Trainee: 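Before I ask anything, here is the structure I am working with.
One is the number of the first residue; the rest follow in order along the sequence. Because the structure is predicted, anything quoted here is derived from the model rather than measured. Just the heavy atoms: all of them, side chains too, but no hydrogens, waters or symmetry mates, feed the values below.
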Amino acid sequence: MGDQEVVSFKVYVSCIQAVDEFYVYKAMEEGTIKQIQKLLNRRDKGDNCSVRGDDCMKGTDHEEDVMTVVPGDIVVAQFGQDKLMYRARVVNKFVELDFGLIDVDMAEVVFIDYGNTATVPVSSIRPLSPSLLALAPLAIKCSMSDCMALGEDTTTEFSKLVSGHCLVMEVMGRKKEVLEVDLVREIGDTMGYASVRDVLVLSGKAVFYSSPTLTIPNVEERKYKKLPVLTAGSEHTVMLSHLHKLSHEKLPQLSVQLLSDQHNLALQLPSLMDQMGAVYGVKRSEELWGLGRCWPGMVCAVRDSRDKMWYRGEVVTTIRGRMVLVKYVDFGNAEQVPAHRMRRLFTDFLEMPALAMRVCLGARVEEDDTMVMLKEGISLVDLNMKIVEEGSDKILPTVDLDVEGVSVCDWLRKMAT
């Protein structure tokens, strides 16, 4: 192929052997293929094809001499199912006996614009004209990237998903002359575009070679740095980053960012996120730094679907297939994220500690409406946080917040009465 800089383009699947061996041709070449077939199969008054200035095939059915072919020759051969002529490459030549026990020279050919193969008599092969001989083969050999079939019906399901559809082919890599790809097609009226590879996995017809469910030794156990432990009685200026869902069995929990630390880390976060956007916003980002597998505790970069910005994250768990629960470590919230929105986190982005500090308030809340009122009262303002009880690895610190001289814990207790 002469256009390796193209990462994705529209294609039609022309021949399927398996999910790891199939052929496509570019949608933009559809007109070229039709013109080739028109030239190879036109007939004028008993001749094998129309000449119109340049013979498409140099031989006719009236010729007595059989064409001499060797493996590698580009020729014209007939496909038995539709009896039409196609451009083909000779793969092998052999002799077999016909019904009269007479030796017949046969050739195995591959049709270079479609990828399928056939066995034909050498006597039926014709030479190709120079103009069509100069045209490069249009069939592209492909394999689904990071996809392993689970049974014989996988190929059937794959064929149902791709046959007859104009697909977007995303090139993920190359092994010799085979492109490793994913195919994307529109499915239904509401689902929009979907990865054929992901559909096969989610339907149980295939698995990822680098499946997140596999137990693979982790040779790169990377973690975010931690903020210093805050001692009981100390006071700090903070800003609310996330109010967690209320649980009536526990004290209300929230995540905050420290504003009074000596390094002003929270003020450096916008600059860090701008750097991440510049790195992960480039073309071929998923091909370069996409994640083949995930595991709980894995650090990552994640793109938010709402503001389209890149954040630092940590995998909580794999939900199913390529859906992953990820915690935004600088804000404290977590959400389900498809793996294609996640990237490998560069070491430079690990230098800053995870900024979200999860704490619990020292007063119980019984009503969800109270939490809504609390969020409205403490969002987007500087808060004074006092550490009531020091936390540990397994226990959250208990705190009180002061908003313009008013204790949040005292306010919650009054609301409960």
Side-chain angles (χ1 to χ4, degrees), residues 1-30 33 87-89 91-92 108-118 136-187 193-214 216 283-294 321-322 338-340 344:
M1 297 173 59
D3 53 357
Q4 295 181 25
E5 71 276 4
V6 179
V7 177
S8 64
F9 39 83
K10 293 183 178 180
V11 300
Y12 289 98
V13 176
S14 55
C15 175
I16 299 172
Q17 302 295 336
V19 294
D20 58 357
E21 184 181 354
F22 60 94
Y23 290 82
V24 304
Y25 62 84
K26 295 181 182 179
M28 62 185 293
E29 301 286 7
E30 188 172 19
I33 287 180
R87 297 198 304 163
R89 183 179 70 253
V91 177
N92 189 22
E108 180 186 357
V109 300
V110 55
F111 297 103
I112 62 175
D113 298 320
Y114 294 90
N116 54 317
T117 61
L138 300 181
I140 304 169
K141 191 173 183 179
C142 302
S143 171
M144 291 295 284
S145 176
D146 193 23
C147 184
M148 182 172 63
L150 288 181
E152 295 180 358
D153 61 340
T154 303
T155 302
T156 302
E157 187 65 25
F158 177 63
S159 181
K160 290 179 181 178
L161 288 169
V162 303
S163 296
H165 296 279
C166 185
L167 309 159
V168 175
M169 186 171 82
E170 298 181 347
V171 181
M172 316 298 286
R174 177 194 287 268
K175 286 186 178 179
K176 296 183 179 179
E177 296 304 315
V178 180
L179 295 185
E180 296 182 324
V181 306
D182 191 12
L183 299 174
V184 179
R185 61 159 285 195
E186 189 172 9
I187 300 180
Y193 289 93
S195 159
V196 171
R197 179 183 62 178
D198 288 2
V199 171
L200 288 173
V201 172
L202 291 175
S203 63
K205 301 297 183 182
V207 295
F208 298 103
Y209 277 117
S210 50
S211 171
T213 60
L214 293 177
I216 302 175
K283 293 182 179 180
R284 303 175 67 182
S285 173
E286 182 176 8
E287 179 182 349
L288 294 170
W289 306 303
L291 302 179
R293 65 186 183 93
C294 303
R322 300 280 282 176
H340 69 80
R344 170 185 168 84

Trainee: Considering the options Val184, Leu183, Val181, which one meets the side chain to side chain contact (heavy atoms under 4.5 Å, CB included) requirement together with Glu170?
Mentor: Val184

Trainee: I need the Arg197 CZ to Leu161 CG distance, nearest 0.5 Å.
Mentor: 14.0 Å

Trainee: For the side chain of Ser145 and the backbone of Asp182, is there at least one donor-acceptor N/O pair under 3.5 Å apart?
Mentor: no

Trainee: Over all heavy atoms of both residues, which pair between Ala18 and Thr155 is shortest? Give the atoms and the distance, please.
Mentor: CA-OG1, 3.8 Å

Trainee: Where the side chain of Asp113 meets the backbone of Leu138, is there a donor-acceptor pair that is under 3.5 Å apart?
Mentor: yes

Trainee: Please evaluate residues Met144 and Phe158 with respect to the criterion side chain to side chain contact (heavy atoms under 4.5 Å, CB included), reporting the C-alpha separation (whole Å), side-chain torsions for both, the decisive distance (0.1 Å), and the verdict.
Mentor: CA-CA 10 Å; Met144 291 295 284; Phe158 177 63; 4.0 Å; yes

Trainee: Report the distance from atom CZ of Arg89 to atom CD1 of Ile112, rounding to the nearest 0.5 Å.
Mentor: 7.5 Å

Trainee: Would you give the length of the straight line joining atom NZ of Lys205 to atom CG of Leu200, rounded to the nearest 0.5 angstrom?
Mentor: 9.5 Å

Trainee: Distance from Asp20 atom CG to Lys175 atom NZ, nearest 0.5 Å?
Mentor: 10.5 Å

Trainee: Under the side chain to side chain contact (heavy atoms under 4.5 Å, CB included) rule, what do Lys26 and Ile140 come out as? Steps first, then yes or no, please.
Mentor: CA-CA 8 Å; Lys26 295 181 182 179; Ile140 304 169; 4.2 Å; yes

Trainee: Enter the distance from Ile16:CD1 to Lys160:NZ here, rounded to the nearest 0.5 Å.
Mentor: 12.0 Å

Trainee: For residues Pro137 and Arg87, report the shortest heavy-atom separation together with the two atoms involved.
Mentor: CA-NH2, 3.9 Å

Trainee: Please give me the minimum heavy-atom distance between Gly115 and Ala139, naming the atom from each residue.
Mentor: N-CB, 3.7 Å

Trainee: Let me confirm one number: the CD-CE distance from Glu286 to Met172, rounded to the nearest 0.5 Å.
Mentor: 4.5 Å

Trainee: Between Lys141 and Glu177, does the salt bridge (Lys or Arg N to Asp or Glu O under 4.0 Å) criterion hold? Intermediate values first, please.
Mentor: CA-CA 7 Å; Lys141 191 173 183 179; Glu177 296 304 315; over 6 Å; no

Trainee: According to the interplanar angle, ranging from 0 to 90°, do the rings of Tyr12 and Tyr25 count as parallel (below 30°), tilted (30 to 60°) or perpendicular (above 60°)?
Mentor: tilted

Trainee: Quick check: do Leu291 and Arg344 have side-chain heavy atoms less than 4.5 Å from each other?
Mentor: yes

Trainee: Apply side chain to side chain contact (heavy atoms under 4.5 Å, CB included) to the pair Asn116 and Tyr23, showing each step before the final yes or no.
Mentor: CA-CA 8 Å; Asn116 54 317; Tyr23 290 82; over 6 Å; no

Trainee: Check whether any side-chain heavy atom of Cys15 sits under 4.5 Å from a side-chain heavy atom of Thr117, and report yes or no.
Mentor: no

